[in-house]
Protein chains: 2
Amino acid sequence: MSNSRALPLLDPDVQPCCPPLNERPLTAEEAVRTAAMFKALGDPVRLRLFSAVASHEGGEACVCDISDVGVSQPTVSHHLKKLKDAGLLASERRGTWVYYRVEPSVLAAMGQLLTSAAR
Amino acid sequence: MSNSRALPLLDPDVQPCCPPLNERPLTAEEAVRTAAMFKALGDPVRLRLFSAVASHEGGEACVCDISDVGVSQPTVSHHLKKLKDAGLLASERRGTWVYYRVEPSVLAAMGQLLTSAAR
DNA sequence: CATCTATGTTGACACATGTCGAATCAAAGC
DNA sequence: GCTTTGATTCGACATGTGTCAACATAGATG
């Protein structure tokens, strides 16, 4: 059991929402908080929108750039709001367009939950 | 583009279901596959059950050890089946009890999706 | 074989969720 | 002001999902 924590890609100061999934059983409260984040990525359309934002240059994109996912524009807006409520995206209006960008710290925390459990 | 893959904790030979979320926009098909895994962990009860299995000694546990999550026994069985269908858990009957264990490769793949996107 | 215990399956129900069309808001340009 | 374009909100609907009680199944034990 190598306990060497050598993950160069992960920030060491991500807020520790919850312990790694294999450290101890999650409490009910921890599970509610953590499941909400996984749930936000648990829809194909939302995952595509999120990936489109994350892969866009600068880590941000306006809605007009990513709304080509096969659903109507209100539905796109609905999903973006859910991702925003889950803390995975942040939005900002600049003139005519609204830009969404990823929230890196939360994403890193989710990654740690899984990568620590995958050893 | 730095293509340096330096993640010591992660198996290099995990089946590459999908690219990291920030590499390029996911296709519809990739999003469906990936979202299914996130969705499986998007329920508090399932997340607690999964964490209970993952944190149990040996990475496996019988249902009787983890079914104390505040819902009825059929509901526990229902959620375990969903985790199994999503490929996150595997089950095996040994005598009276049924043991569940985590599927490490799939978990690592999910972790890579996020940690690569978190840089 | 009968019975007990541990799990899984089925059917039903309330509730959440994804989706769209229509209406609304916000900024820019005429 | 009025219109146009981009984006969100609202109202409604169909579908999906979590939950439980009841029943079914598998294995162990008498």
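Here is the naming used below: chain letters follow the sequence lines, and residue numbers restart at 1 for every chain.
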Inset, instruction - Look at the side-chain heavy atoms of Ile, Leu, Val, Met, Phe, Trp and Tyr, link any pair under 4.5 Å apart, and say whether A/V53 and A/V71 land in one connected group. - result: yes

Legend entry - same_hphob_cluster(A/V98, A/I66) at 4.5 Å side-chain heavy-atom cutoff: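 Both belong to a single hydrophobic cluster.
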
Rounded to whole Å, please give me the gap between [atom1] in [X] and [atom2] in [N].
{"X": "A/L80", "N": "D/dT9", "atom1": "CG", "atom2": "P", "answer": "11 Å"}
{"X": "B/I66", "N": "C/dT7", "atom1": "CD1", "atom2": "C1'", "answer": "12 Å"}
{"X": "B/W97", "N": "D/dG27", "atom1": "CH2", "atom2": "P", "answer": "14 Å"}
{"X": "B/K84", "N": "C/dG8", "atom1": "NZ", "atom2": "C1'", "answer": "10 Å"}
{"X": "A/E92", "N": "D/dT8", "atom1": "CD", "atom2": "P", "answer": "13 Å"}
{"X": "B/D85", "N": "D/dT17", "atom1": "CG", "atom2": "C1'", "answer": "14 Å"}
{"X": "B/L89", "N": "C/dT7", "atom1": "CG", "atom2": "C1'", "answer": "15 Å"}

Exam field: side chain [X] to backbone [Y], donor-acceptor pair closer than 3.5 Å:
{"X": "B/S55", "Y": "A/E23", "answer": "no"}
{"X": "A/S67", "Y": "A/V63", "answer": "yes"}
{"X": "B/R48", "Y": "A/A31", "answer": "no"}
{"X": "A/S51", "Y": "B/L21", "answer": "yes"}
{"X": "B/R101", "Y": "B/G59", "answer": "no"}
{"X": "A/E30", "Y": "A/T27", "answer": "yes"}

Inset, instruction - Report yes if the side chains of B/C64 and B/W97 come closer than 4.5 Å at any heavy-atom pair, otherwise no. - result: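 Yes, at least one pair of side-chain atoms sits under 4.5 Å.
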
Legend entry - N/O (side chain, B/Y99) to phosphate O (OP1/OP2, C/dT7) under 4.0 Å: no

Inset, instruction - Decide side-chain contact (heavy atoms from CB on, under 4.5 Å) for A/L114 and A/F38; before the verdict, give the C-alpha distance in whole Å, the side-chain angles of both, and the deciding distance to 0.1 Å. - result: CA-CA 11 Å; A/L114 294 173; A/F38 282 115; 4.0 Å; yes

Inset, instruction - Evaluate side-chain contact (heavy atoms from CB on, under 4.5 Å) for A/E103 paired with A/L107, printing each intermediate quantity in order. - result: CA-CA 7 Å; A/E103 206 65 63; A/L107 208 56; over 6 Å; no

Pairs: protein N or O with nucleotides 16-19 of chain C N or O, under 3.5 Å:
{"unit_1": "C/dT17", "atom_1": "OP1", "unit_2": "A/K39", "atom_2": "NZ", "d": "2.6"}
{"unit_1": "C/dG18", "atom_1": "OP1", "unit_2": "A/R46", "atom_2": "NH1", "d": "3.2"}
{"unit_1": "C/dG18", "atom_1": "OP1", "unit_2": "A/R46", "atom_2": "NH2", "d": "2.9"}
{"unit_1": "C/dG18", "atom_1": "OP2", "unit_2": "A/R46", "atom_2": "NH1", "d": "3.4"}
{"unit_1": "C/dG18", "atom_1": "OP2", "unit_2": "A/K82", "atom_2": "NZ", "d": "2.9"}
{"unit_1": "C/dT19", "atom_1": "OP2", "unit_2": "A/H79", "atom_2": "NE2", "d": "2.4"}

Inset, instruction - With sequence neighbours left out, write down each residue that passes salt bridge (charged side-chain N to carboxylate O under 4.0 Å, His left out) with A/K84, or none if nothing qualifies. - result: none

Legend entry - Verdict with reasoning, B/K39 to A/K39, per side-chain contact (heavy atoms from CB on, under 4.5 Å): CA-CA 5 Å; B/K39 191 176 190 176; A/K39 191 177 190 177; over 6 Å; no

Please tabulate the protein-to-nucleotide N/O contacts below 3.5 Å involving nucleotides 22-28 of chain C, giving atom names and distances.
none

Inset, instruction - Measure the NE2-CG distance between B/H56 and A/N22 for me, rounded to the nearest 0.5 Å. - result: 13.5 Å

Inset, instruction - With A/F50 as reference, evaluate A/L89, A/D43, A/L80 under the side chain to side chain contact (heavy atoms under 4.5 Å, CB included) test and give the passing residue. - result: A/L89

Inset, instruction - May I have the step-by-step check of side-chain contact (heavy atoms from CB on, under 4.5 Å) for A/L83 and A/L41, ending in yes or no? - result: CA-CA 8 Å; A/L83 286 169; A/L41 294 180; 4.2 Å; yes

Inset, instruction - Give, ordered by number, those residues of residues 28-35 of chain B having at least one heavy-atom distance below 4.0 Å to an atom of DNA chain C; if nothing qualifies, reply none. - result: none

Inset, instruction - Enumerate the residues from residues 55-65 of chain B whose closest heavy atom to DNA chain D is under 4.0 Å, giving them by residue number; use none for an empty result. - result: none

Polar atom pairs (N or O), protein with nucleotides 11-14 of chain C, under 3.5 Å:
none

Inset, instruction - Look at the side chain of A/Q73 against the base of D/dG6 and say whether a donor-acceptor pair falls under 3.5 Å; ignore hydrogens and angles. - result: no

